[in-house]
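Lettering follows sequence order; numbering is per chain, from 1.
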2 protein chains.
Amino acid sequence: MSLSGIFPIDRWNFTTQSILNTLSEEEYAELVANQSDQKYLKGDVIFREGSVPAGIFLIRRGKVKKYKVDNLAKEQIIYVANHGELIGYHAVLSEERYPDSAAAIEDSLISFIPKEDFISILHRSPAFTQRLLKALSHEFTVLANTISVIAQRTAPERLAIALIVLREKYKDEESGEKDIVLNVSRMDLAGMAGIAQENVIRLLKEFKAEGILESDGRKIRIMDIKRLIKKSNYR
Amino acid sequence: MSLSGIFPIDRWNFTTQSILNTLSEEEYAELVANQSDQKYLKGDVIFREGSVPAGIFLIRRGKVKKYKVDNLAKEQIIYVANHGELIGYHAVLSEERYPDSAAAIEDSLISFIPKEDFISILHRSPAFTQRLLKALSHEFTVLANTISVIAQRTAPERLAIALIVLREKYKDEESGEKDIVLNVSRMDLAGMAGIAQENVIRLLKEFKAEGILESDGRKIRIMDIKRLIKKSNYR
DNA sequence: CGCAGAAGCTGATATTTATCAGTTTTTAAA
DNA sequence: TTTAAAAACTGATAAATATCAGCTTCTGCG
């Protein structure tokens, strides 16, 4: 699964989307027996760093950012989870408090599953456990990749990468393959790329001038993915 | 487990050291039945990013850096593993190529365990699997923490943090609790903190002038851990 | 023991990126 | 529809950090 044959997009995505497929019908039924659905509006916080987990979350519809806030304000986005993905399971498994916060970046529908039910299925289904182990191992790849990029790439490269990654997440929203439209604030882009908001704006203007993208307020339309990948300078 | 009551050192260490304790004697015996020990000199590469894993490694003696190399030269260190820890298991579990490289940062003795034996035990021992799941989940905490620090802290703060983390890894080397001596190159410090070598040298000089540490070539003696923690500015 | 290469170190300079102090535009609530 | 707050944007400046070029000191090998 590689983007346009050159950008290793699998290095940027967790793989919790397909985990639930390992469950039998009755196992799945038991997992979701006590679930409760909740709507979250854009910006709503789902859980906060340092709090104690009571269960895990399944994103039915929408997108969620996982982030850490450092010295007051300024959040660093660790990962953007899409519909179908699980979040909040790390803390349950490691028996720690949440290491990061999660908030909706668009209106979302999310199921809460009590941790007891999650743990119960885990003990019941070896296939589920193996699949989870695989997913968690892959996450190491994604996070190590993120560390390397943030430490070693320039601001324009990091922004380009953020846009490529987001484009993939917004792909299925639209019908066509080309000219995918992202709907994301400058602040969230800054949080993903680890640069100041003002510089995100300036860089977007440059990209626009180069014909790589068009933007109208929050909407960013990727016009030339090939040139964007080139901009990212990714091997 | 928190350093001097204020620095959250557990946020900086994987927990694979105690995983093998979950195995019964016969399980352990089977795991290591086909192991082969090998000595690695300081600087020797254990595995390289992009290659295909054939098994996992158990560090019997020594220390190992896990790192990613970006655009020729300049390596970013993701993690420093100590004796007792397992490395190379992510790629086996996720059935991918190694996402990072590993090299000895001091002379080390390392056992290689064929992946078949590892997988076999994994299927045999639910306790082992659960423990591994927990360890991998904790790793998310460590890596998310690293991302946030690299993205949001200043160079002096990052260097201070690198020194604090290393101090903990070198603790058991010496007898006393105080004035722990690190044995690490400026280049590796630069790789850990994500800053240029030259600046590592300049910052170390500052720390020295402030009485925080003393250094004699590669040997760095932490004199005032409290002031170092303050320097790191860590909540 | 001598020597070559690596690592450590220094100062000067360039570059990148953040910060600041606004203005304009958009958005959503009254 | 008005309007207040939030987000987007701009230019100027400051700060942080990297880069470069050269020098010195170690270190391990022959």
Side-chain angles (χ1 to χ4, degrees), chain A residues 41-44 65 70-76 103 105-107 149-163 182-209 213-221 231 233, chain B residues 41-44 65 70-76 103 105-107 149-163 182-209 213-221 231 233:
Chain A
L41 297 181
K42 189 194 294 190
D44 285 354
K65 63 179 171 186
D70 208 333
N71 299 327
L72 222 62
K74 209 181 184 186
E75 54 190 45
Q76 175 63 32
I105 58 172
E106 58 185 44
D107 295 354
V149 164
I150 290 183
Q152 308 188 319
R153 298 316 189 107
T154 65
E157 287 170 347
R158 293 202 304 270
L159 180 60
I161 291 171
L163 290 170
L182 320 184
N183 196 333
V184 62
S185 72
R186 305 296 187 259
M187 224 188 78
D188 279 343
L189 276 176
M192 280 187 79
I195 58 187
Q197 263 185 76
E198 295 95 323
N199 291 326
V200 168
I201 290 164
R202 279 182 266 262
L203 288 167
L204 282 180
K205 201 162 76 169
E206 278 185 43
F207 289 2
K208 215 165 160 178
L213 53 83
E214 284 175 2
S215 78
D216 178 29
R218 218 138 301 182
K219 301 229 188 288
I220 296 172
R221 181 186 298 269
K231 201 104 210 165
N233 215 6
Chain B
L41 297 179
K42 188 195 295 189
D44 285 354
K65 63 178 171 186
D70 208 333
N71 299 327
L72 223 59
K74 206 178 186 190
E75 51 190 47
Q76 175 63 33
I105 57 172
E106 58 185 43
D107 294 355
V149 165
I150 291 184
Q152 307 188 319
R153 298 314 188 108
T154 65
E157 288 171 346
R158 293 202 303 269
L159 181 60
I161 291 170
L163 290 169
L182 319 183
N183 196 334
V184 63
S185 72
R186 305 294 187 261
M187 224 187 78
D188 279 343
L189 277 176
M192 279 186 80
I195 58 187
Q197 263 186 78
E198 295 96 323
N199 292 326
V200 168
I201 291 165
R202 280 182 266 261
L203 288 167
L204 281 179
K205 200 163 77 169
E206 278 184 45
F207 289 1
K208 218 165 162 177
L213 53 83
E214 284 176 0
S215 77
D216 179 29
R218 219 137 303 180
K219 300 230 188 288
I220 297 172
R221 180 184 300 271
K231 201 105 210 161
N233 215 6

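Overall, the helix from dC1(C)-dG30(D) to dA30(C)-dT1(D) carries an axis bend of 50° between its ends, with five pairs at each end and the value rounded to 10°.
Taking S185(A) as the reference, nothing meets the side-chain hydrogen bond (donor to acceptor under 3.5 Å, both in side chains) condition, with sequence neighbours excluded. Residues that satisfy the side-chain hydrogen bond (donor to acceptor under 3.5 Å, both in side chains) test with R158(B), not counting sequence neighbours, are absent from this structure. Residues that satisfy the side chain to side chain contact (heavy atoms under 4.5 Å, CB included) test with A160(B), not counting sequence neighbours, are F207(B), L228(B), K231(B), S232(B).
Atoms CZ and CG, on R221(B) and L182(B) in that order, are 10.0 Å from each other to the nearest 0.5 Å. With rounding to the nearest 0.5 angstrom, the CD atom of Q152(A) is 9.0 Å from the CD1 atom of I150(B).
In this structure, CG of N183(B) is placed 10 Å from P of dG8(C), rounded to the nearest angstrom. If you take CZ of R186(A) and C1' of dA6(D), they are 14 Å apart, rounded to a whole angstrom. Going from atom CG of L204(A) over to atom P of dT17(C) covers 15 Å, rounded to whole Å. Remark: C1' of dA16(D) and CD of E157(B) are 12 Å apart, rounded to the nearest angstrom. Atom CD in Q152(A) sits about 16 Å away from atom C1' in dT19(D), given to the nearest Å. Atom CG in L41(B) sits roughly 17 Å away from atom P in dT27(D) (whole-Å rounding). Remark: P of dA18(D) and CZ of R153(A) are 16 Å apart, rounded to the nearest angstrom. Atom CD1 of I150(A) and atom C1' of dT17(C) are 15 Å apart (whole Å).
A donor-acceptor pair is defined here as one N or O able to donate and one able to accept, closer than 3.5 Å; no such pair exists between the side chain of R153(A) and the backbone of D70(B).
Side-chain atoms of R202(A) come within donor-acceptor range of the base of dG11(D), with a qualifying N/O pair under 3.5 Å.
Across every non-hydrogen atom of L159(A) and V200(A), the tightest pair is CD2-O, 4.1 Å.
Proximity of K205(B) to the phosphate of dG8(C): no side-chain N or O atom is located under 4.0 Å from OP1 or OP2.
Residues from residues 188-201 of chain A lying near DNA chain D, meaning a heavy-atom separation below 4.0 Å, are E198(A), I201(A) in numerical order.
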Reading nucleotides 25-30 of chain C from 5' to 3' and marking B where a protein heavy atom lies under 4.0 Å of the base, S where only the sugar-phosphate is that close, and - otherwise, the string is ------
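Using a 4.5 Å cut-off on side-chain heavy atoms (C-beta onward), L204(B) and L189(B) make contact.
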